[in-house]
Number of protein chains: 2
Amino acid sequence: MSNTNVLIIGGSAAGLVAAATAKSNHPDKDVTIIRKEEKVMIPCGIPYIFGTVETSDKNILPDGGLIKLGVNIKVDEVINIDKKNKVCKTKGGEEIGYEKLVIATGSTPYVPKWLEGASLENVFSIPKKKIYLDELQQKLQGINKIITIGAGFIGVEMSDELNKNGKDITVVEILPHILGLSFDEELAIEAEECLTSRGVKLKTGVGVERILGSEKVTGVLLSNGETLEADAVILSMGYRPNIKLAEETGLAINELGFIKADQYRRTGHPDIFAAGDCSEKIDFATGKLSGAMLASIACAEARVAGMNLYSLSTVKAFRGTIGIYSTDIGGTGFGAAGLTEAQAKKEGFDVVSGSFTGIDRHPGHLEDTHKQMVKLIASKDNGIILGGQVIGGKSTGELTNVLGFIIQNNMTINDLLVAQIGTQPMLTASPAGYPLIKAAESTAKKLKK
Amino acid sequence: MSNTNVLIIGGSAAGLVAAATAKSNHPDKDVTIIRKEEKVMIPCGIPYIFGTVETSDKNILPDGGLIKLGVNIKVDEVINIDKKNKVCKTKGGEEIGYEKLVIATGSTPYVPKWLEGASLENVFSIPKKKIYLDELQQKLQGINKIITIGAGFIGVEMSDELNKNGKDITVVEILPHILGLSFDEELAIEAEECLTSRGVKLKTGVGVERILGSEKVTGVLLSNGETLEADAVILSMGYRPNIKLAEETGLAINELGFIKADQYRRTGHPDIFAAGDCSEKIDFATGKLSGAMLASIACAEARVAGMNLYSLSTVKAFRGTIGIYSTDIGGTGFGAAGLTEAQAKKEGFDVVSGSFTGIDRHPGHLEDTHKQMVKLIASKDNGIILGGQVIGGKSTGELTNVLGFIIQNNMTINDLLVAQIGTQPMLTASPAGYPLIKAAESTAKKLKK
Ligand SMILES: Cc1cc2nc3c(=O)[nH]c(=O)nc-3n(C[C@H](O)[C@H](O)[C@H](O)COP(=O)(O)OP(=O)(O)OC[C@H]3O[C@@H](n4cnc5c(N)ncnc54)[C@H](O)[C@@H]3O)c2cc1C
Ligand SMILES: Cc1cc2nc3c(=O)[nH]c(=O)nc-3n(C[C@H](O)[C@H](O)[C@H](O)COP(=O)(O)OP(=O)(O)OC[C@H]3O[C@@H](n4cnc5c(N)ncnc54)[C@H](O)[C@@H]3O)c2cc1C
């Protein structure tokens, strides 16, 4: 039996950051990562393997930083946690004693049990495993007609990249619009226009009944009775937290199936923390359980876990999780932070929203100028900003982060009306027509009424 | 004599936004802009006339929005404010009565009195006047060797654009580094490397003694005795607020020469507001008078003025002005918000700083990936973030705005350690190596000591 001070199960976004943070905050402690993969994929980069970056070898999470910090890396699989004796058993037959344990086991693709035909040949999901993805890429080489089921951002990015690679792609989505969980309708429609203008075909507002074929997949039967032919199907219907280990050792699991963890990422057991896709999230705005799974959230949680292992160091941590994310469809960025207008209404908020469309550089005669649109959603009673969405160019990701900071600081529309920004012709919208502030003006008018 | 409800003197950044905000918040009021220029330049776009956009005709602030809102535009010059009778007299012989007056007379280039040779032929400054700029552009056509005096962002942008246009440019700066008021040394040095690698020559740490020539300029004598030859000289030594009108009518002027104005932009006189480059600013961090002149500040102040003309509507406004700005040197963005480390120390803050260099997309194999560096400056006693600086690619402007929101919300390093961000391969740095958060980690270590 070997011993380590801090043992981290999982070596992806959460595991990496938990280890780096633990080691750099507690340099005298021995920190060990144990993970299943020899080479870990940069999870968010996976879609680009199939188009832009061409190979999974260019999408590997480097170990160099961890090794330099002095973190031990073991490639193995934990099969049991003995939380009483503080020992983990591995598939490789090792026993590793720990002082503090961080569970960062992540998530795996969700393949619904009811979905007939899901195990046919050439039906794929998108796990974060290099070996699987390499095989998938290999198999897709000879194949032209592909159907993606599910148009969340992963389905959309995968489809766009495969389309870029010359494939004939159709995306099937049961919601009325693609990216429907992150964007309000008017923005989602623009995302659809972007995607279809690039050649991706869409079938929205219709579910999948079953996958057709006897050995190999031959097509998909939709719930409206329509049949689509396909040589391959990619399932992109969400991910489920990996909680088996935690469950078996008796840690509490919440109703959505995540490992329960408080704002410092402590599970019910004092020496066990959980971070990333496998762990509980509470929504910032509603206080309800949230199912958000993002690498940025995973890293933030892992950082909190790593800092607070031995004593509470950050003092205050998450009030709750804000979904902040962006994507790029052929040079047009789409970003969202917090609640959409539809979600906010569904949650019972009385909201107003306002939006403004301008351009992301000024004057408009500059080359490379891109339309920029910002939408804000605020509580009618107090003007507090609950969410925002962006369409724009290359600065969309950071403008979405501006929205994220606005939300996490509980800023109001009034605060934005008097907010300070910086502008420059080559890098931002103009100060007189900065869409974020103009959207606040438009929202303010509705607040007054 | 004619009458208007709201009269705005000045039609550039501040005047435009004051008018638009006044009219859209008080649609029943008659709003009039009076300005000297037939066609107003987009002020921040001026450098690009001399390179990228090629002509001032592509850099005109459009009147369409104002006209659509129903704002009256008069091209004339106010020569007197009779604040007792609430009447302005114009050069064109008009008398205009007002209920509320907004002074947005802006600023003009500073040409030091002691600078001998400043009125020689082919010595120019950069006023925001189309006619002057067109003539300047015309005159520079036959000229090759140009010296820019002053390497603030305007001098740097002008020089870079003229260099792009094939001119032989040398920039002379008395401070040890270019952009020395906005960036700490280590970032300023990188800006210098960018600029010189593009062909602009630099002479830093040396002042100008006088400008040489009898009729036309022939060169510049530096304070170290060196002579530089030149066919033209561009003075970029700062701007001074236009306060003559305000002063003559008896409004208070502060020690830095700006029209006094409170956080709602009210001058001492209840019906007269002042906004933009001509008006007083109080520094956010120090509470001292500030000399910052930026279009983004002008627009923010003008928005506050426009909203609060008839009753205080925004409730809380500026605690103080934060300088937030960015610039682009050949595709590399440089951004700064709040105090530099050097300024903070000079002001008496006990500070720590930390920085991190990563990349602005992930994985690094993506084309177009740019280095991204963030530096944070925080108070040692409480971790409150006083300033930040960025070097990066196309998202630099918005990342600088992220810093601006962090500062205006009094966020601490601890807040950033647990902050939430959104990341996406094509649009941002990776969540594990997001330079803003990593810079906070690096600063946190020093706070602990
Ligand atoms: C295609 C795709 C694109 C995405 N794009 C984005 C994006 O642009 N932005 C964004 O924010 N998010 C994105 N995400 C989501 C993001 O990838 C996840 O939120 C993130 O991977 C979660 O990290 P994690 O470390 O919690 O879990 P995972 O990445 O799932 O990693 C889990 C780790 O645990 C290990 N493990 C599990 N069980 C064991 C065990 N018993 N023993 C040892 N090791 C074990 C695994 O080997 C793995 O290393 C994307 C996801 C996908 C699939
Ligand atoms: C080359 C250059 C580049 C710049 N780049 C940036 C940048 O990238 N980002 C940034 O934030 N800032 C930038 N600035 C600063 C920015 O341009 C100023 O802060 C901004 O112009 C201030 O706006 P203003 O309306 O207060 O004043 P001004 O732009 O100076 O306008 C004053 C107006 O008042 C009018 N006026 C004056 N007196 C009278 C009178 N008596 N009667 C009638 N009208 C009168 C003038 O005609 C004019 O319309 C730049 C400035 C320059 C010169």
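Below, chains carry the letters A, B, ... as their sequence lines are ordered, and counting in each starts from 1. Computed from heavy atoms alone, side chains included, the values below leave out hydrogens, waters and symmetry copies.
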| Highest number of heavy-atom pairs under 4.5 Å with chain B: which of A/Thr428, A/Leu399, A/Ile421? |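 Of the candidates given, the most pairs with chain B belong to A/Ile421.
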
| Residue B/Asp415 versus chain A: region with a heavy atom under 4.5 Å |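 Side chain only.
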
| B/Ile46 versus chain A, heavy atoms under 4.5 Å apart: side chain, backbone, both or neither? |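 Answer is neither: B/Ile46 stays 4.5 Å or more from chain A.
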
Indicate yes or no: at least one non-hydrogen side-chain atom of [X] is less than 4.5 angstrom from one of [Y].
{"X": "B/Gln424", "Y": "A/Phe153", "result": "no"}
{"X": "B/Gln420", "Y": "A/Phe405", "result": "no"}
{"X": "A/Glu398", "Y": "B/Asp360", "result": "no"}
{"X": "A/Gln408", "Y": "B/Asn409", "result": "no"}
{"X": "A/Thr52", "Y": "B/Leu366", "result": "yes"}

| If you count heavy-atom pairs under 4.5 Å between each of B/Val17, B/Asn401, B/Thr423 and chain A, which one has the most? |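 Top count of heavy-atom pairs under 4.5 Å with chain A: B/Asn401.
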
Nearest heavy-atom neighbours spanning [X] and [Y]:
{"X": "A/Leu427", "Y": "B/Gly333", "answer": "CD1-CA, 4.3 Å"}
{"X": "B/Gly422", "Y": "A/Ser296", "answer": "CA-OG, 3.8 Å"}
{"X": "B/Cys44", "Y": "A/Pro425", "answer": "O-CG, 3.0 Å"}
{"X": "A/Ala432", "Y": "B/Leu16", "answer": "CB-CD2, 3.6 Å"}
{"X": "B/Arg303", "Y": "A/Leu417", "answer": "CD-O, 3.5 Å"}

Is it the side chain or the backbone of [X] that comes within 4.5 Å of chain B heavy atoms, both, or neither?
{"X": "A/Ser430", "result": "neither"}
{"X": "A/Ile413", "result": "neither"}
{"X": "A/Leu436", "result": "side chain"}
{"X": "A/Leu403", "result": "neither"}
{"X": "A/Glu54", "result": "neither"}
{"X": "A/Ile42", "result": "side chain"}
{"X": "A/Ala13", "result": "neither"}
{"X": "A/Glu301", "result": "neither"}

| side chain to side chain contact (heavy atoms under 4.5 Å, CB included) between B/Thr21 and A/Glu441: does it pass, once the steps are laid out? | CA-CA 9 Å; B/Thr21 312; A/Glu441 286 188 353; 4.2 Å; yes

| message | Less than 3.5 Å apart, any donor N or O on the side chain of A/Lys445 or B/Asn25 sitting next to an acceptor on the other? | response |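 A/Lys445 vs B/Asn25: no donor-acceptor pair found between side chains.
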
